[in-house]
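Written out below as C-alpha cells is the structure these notes cover.
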Amino acid sequence: MNKKISNILKEISDYLELKGENVFKVRAYRDASRIIENLDFEIKNLEDLKNLKGIPKIGKSIIGRVEEILKEGESLYLNELKKEYPIELEELLSIPGLGIKKIRLFYENLNIKNIEDLKDALYSGALYHLPRIGEKLIEKIKRGVEFREKNRGLPFPALFDVIGELTKRFKDHHLSYYITGELRRKKEFVKNLDFVFYDIRDLDVLSDIINIENIDESLYYKKISYTFENLSGSIYIPSSGLLWNVLFFTTGSKSHVMEVIDKYKKTNISFWKERFKREKDIYEKIEIDVIPPIFREGFGEFKWYNPAFVISKKDILGEFHVHSTWSDGRSEIEEILYEAANRGYEYIGISDHSASLTIAHGLSIEDVEKKGREIEELRDKNPIVYPLFGAEVDIRADGSLDYPDEVLKSFDYVIAAIHTNFGLSIEENTRRIISAFRNPYVIAFAHPTGRELGIRPGYEFDREEVFKEAARNNILLEINGTPRRMDLDSYEIYKLRSLGLKYILSSDAHYVSSLSNIENSLVIANKAGLEREEVVNTYKLKDVFLLFNTIREGKIRNE
DNA sequence: GCCGTTTTCGGCCCGACTGTTTTCAGTCG
C-alpha cells in the first residue's frame, strides 16, 4: 500500500503545482510522498496510521489524506483536483522538456490533455504559436514522445504493485496463472505483462478485470492480448496437456526457445507433441542442463551457465554506493551501518555527492573533512560492518572532477558520475569520461549510460572507446540497481565480457530501505553471466583494499 | 503543508543550462 499512497501524494503535489498553489505546500506533498515510499513498515490499515505520527514532515493534513486513501481505496481530494484539471499529468510529465508550466500553457491554449493531443499539436504545428516555444524545444518534445511510445513498460522491480493488483483480481475470480515472458525472466525493462492460465473454468470474467484487445488462436494455445493501467500484455491458454510447453515457449527469450526447439529437431523429437509433466523435463529430455528463467536471454547461456557460478545474496559482502544525510540521503551513517549488519555485510561504502551538485547537498571540502572524521570515529567503535569513506564525484563538462586531487586522495575510493550537461556531443562526452577515468583516484564509474528506463535513453558517448579505456585503467563499472536506472544493462555487460572488466553492484540507496535495490543489480549481473571474481561486492574487505590500491597504483605508474 | 519558536506566524533549497529571448522563464538534477 505504501507505493500506492506515495504515488497518490506525488500526483496531488503535481496537480497542486499545476493549480499554482504555494510552492511549499507542493513540496510538502512531494516530501511526504518520498518518505512514505521509503518507510520501513507497511501501511495496510487504519491501525498503522499511528506509526506515521511523529515522523518529520508528516503532519495532520497528510495523515488525513492517507486515512482517506485507506478508507476509500482512492483519494477523493486527488479526484477533485483531477476534475478541475482533466489532464493526464503524470504521463505528460514523463516527457523530457515538459514541466508543469508548459503543460499548463498547452492545456490552457490548445486544450492538450494527454500524449495523443500533444502528438496532434506537435505534428500540426499548433505549438509554434505559443510564447517561448521554438523549434528546438518542439524537436526535443517530439523525440521524447517517440521514445516514450517505443518504450512503454516498467522496470521489473517497479511492477510488483501492478502485478499484485492484477493477480489479486485473478485469484478473486478463481483464475490460476503462472507469470511468463519478460517478467518471468526479470528483464530489466518489461514491456509486456504475460501470463499462462491453467485449470480455467470461466473466462468470461476476464473482461471485468482487463481490457481485451484481441484474441488469437493457434494449434497450441489461445492468446488474449490485453491492456491494464497503461500497460499491455498477453494471456496464454494452453491447449490440453500443453501447459509446460506453452509456459516454456512464452517465457522466451525467442533465441533461447529457438535453440532448444532446434535441438529437439536434431534429435527427431517433436517439441509440441510431447506432454511434459514439469518444465525441467523439457531440458532433461534432450539431455541439456536446466536453465532457470532469468538466464534465458540468448546471451550464450547454453555455453556458460553453471549453477555453481550463480552469485547469490549471501555472496554479497558489502557495497560502495550509498548516500547518507551528509548529502541527499535520508539515513544517518550509523543507521546505514546497522542495516548493513542486518544484511550480513562486512563493509559498506558511504559515497555522498560532490560539491557542485548543490540540489543534492553535495559536500563542500570542509564537509568532506568532517564526514571523514565521523567515519573515523565510527570505525573506532569497532562496528560489525566496516564503514568505507567514499564519494560519488561529478565529472564536469570538461572532464575534470568536482574536487581537487588532494581531496580525492582522502577518500578510500572515488566513484565518478555524470549528473549534468547531458546534452554534450558524443565526442565531448567520450573525451570527458575518458579523462575522468585517467584520474588516479577514480575507481569506478556510476550508472554508466545515464539512462532512465522508459523516460530517456541516457547521454551519448562512444561505448567502445569508453569501455576499452575503462579496461585499460581497471575502472570498475557500476551496475546500478535503482529501478528507474538498472544501469548497466545485462545485454551491454554480456557484450563487454571479452574486455575483462570488473563490476560493482550498487543500491544507490538514499534510504536504508532501498539498500535492497542491490538485489536488482544482482539479477542483472547473473543474467549477464558474471562470476564472483568479476563482482567486487563478493570480495572480502582486505581484497577490496588491495584491488583499489592496484587500480590507483596502475594509473600513477602510467602517468 | 510542516515546523519550531526567546511559541501560532514566517520561513522552508539552489544553480547551471537551455532555449527563448534581448533579459529571463522553465527544466533538471
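Below, chains carry the letters A, B, ... as their sequence lines are ordered, and counting in each starts from 1.
- For the pair A/Arg65 and A/Leu137, nearest-nucleotide mapping onto DNA chain B gives the more 5' position to A/Arg65.
- By the neighbour-count criterion of 12 heavy atoms within 6.0 Å, atom CD of A/Glu332 is sparsely surrounded, having that number or fewer from other residues, nucleotides or ligands.
- For the residue pair A/Asp462/A/Thr430, the side-chain donor-acceptor check at 3.5 Å is not satisfied.
- Here A/His353 and A/His361 keep their ring centres 6.0 angstrom or further from each other.
- Counted by atom type alone, A/Asp508 and A/Ser506 present zero donor-acceptor pairs between their side chains at under 3.5 Å.
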Quick test: give all pairs of protein nitrogen or oxygen and nucleotides 27-29 of chain B nitrogen or oxygen below 3.5 Å, distance rounded to 0.1 Å.
residue, atom, partner, partner atom, Å
B/dT27, OP1, A/Gly99, N, 2.6
B/dT27, OP1, A/Gly99, O, 3.1
B/dT27, OP1, A/Lys102, N, 3.2
B/dT27, OP2, A/Lys101, N, 3.4
B/dC28, OP1, A/Gly97, N, 2.6
B/dG29, OP1, A/Arg456, NH1, 2.1
B/dG29, O3', A/His419, O, 3.3

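- Distances were taken from every side-chain heavy atom of A/Phe24 (C-beta onward) to each of B/dC2, B/dT20, B/dC12; the shortest belongs to B/dC12.
- Atom-to-atom, CD1 of A/Ile55 to P of B/dG1 comes out at 19 Å; the value is rounded to the nearest Å.
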Between the protein and nucleotides 9-11 of chain B, list the N/O to N/O atom pairs that are separated by less than 3.5 angstrom.
none

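- For A/Lys555 (side chain) and A/Asn439 (main-chain N/O), a donor-acceptor pair under 3.5 Å exists by modelled atom type.
- Taking the six-membered ring where tryptophan is involved, the planes of A/Phe156 and A/Phe160 are perpendicular, since the angle between them exceeds 60° and thus also 30°.
- Residue A/Asn421 places none of its side-chain N or O atoms closer than 4.0 Å to OP1 or OP2 of B/dA16.
- Residue A/Arg27 places its side chain closer to B/dC12 than to any other of B/dC12, B/dG19, B/dG1.
- Heavy-atom contacts from other residues, nucleotides or ligands closer than 6.0 Å to NZ of A/Lys186 number 12 or fewer.
- Within 6.0 Å of the OH atom in A/Tyr338, the count of heavy atoms belonging to other residues, nucleotides or ligands does not exceed 12.
- For the P atoms, the distance linking B/dG15 with B/dT20 amounts to 25 Å, nearest Å.
- Only the P atoms considered, B/dC17 is 23 Å distant from B/dT22, to the nearest whole Å.
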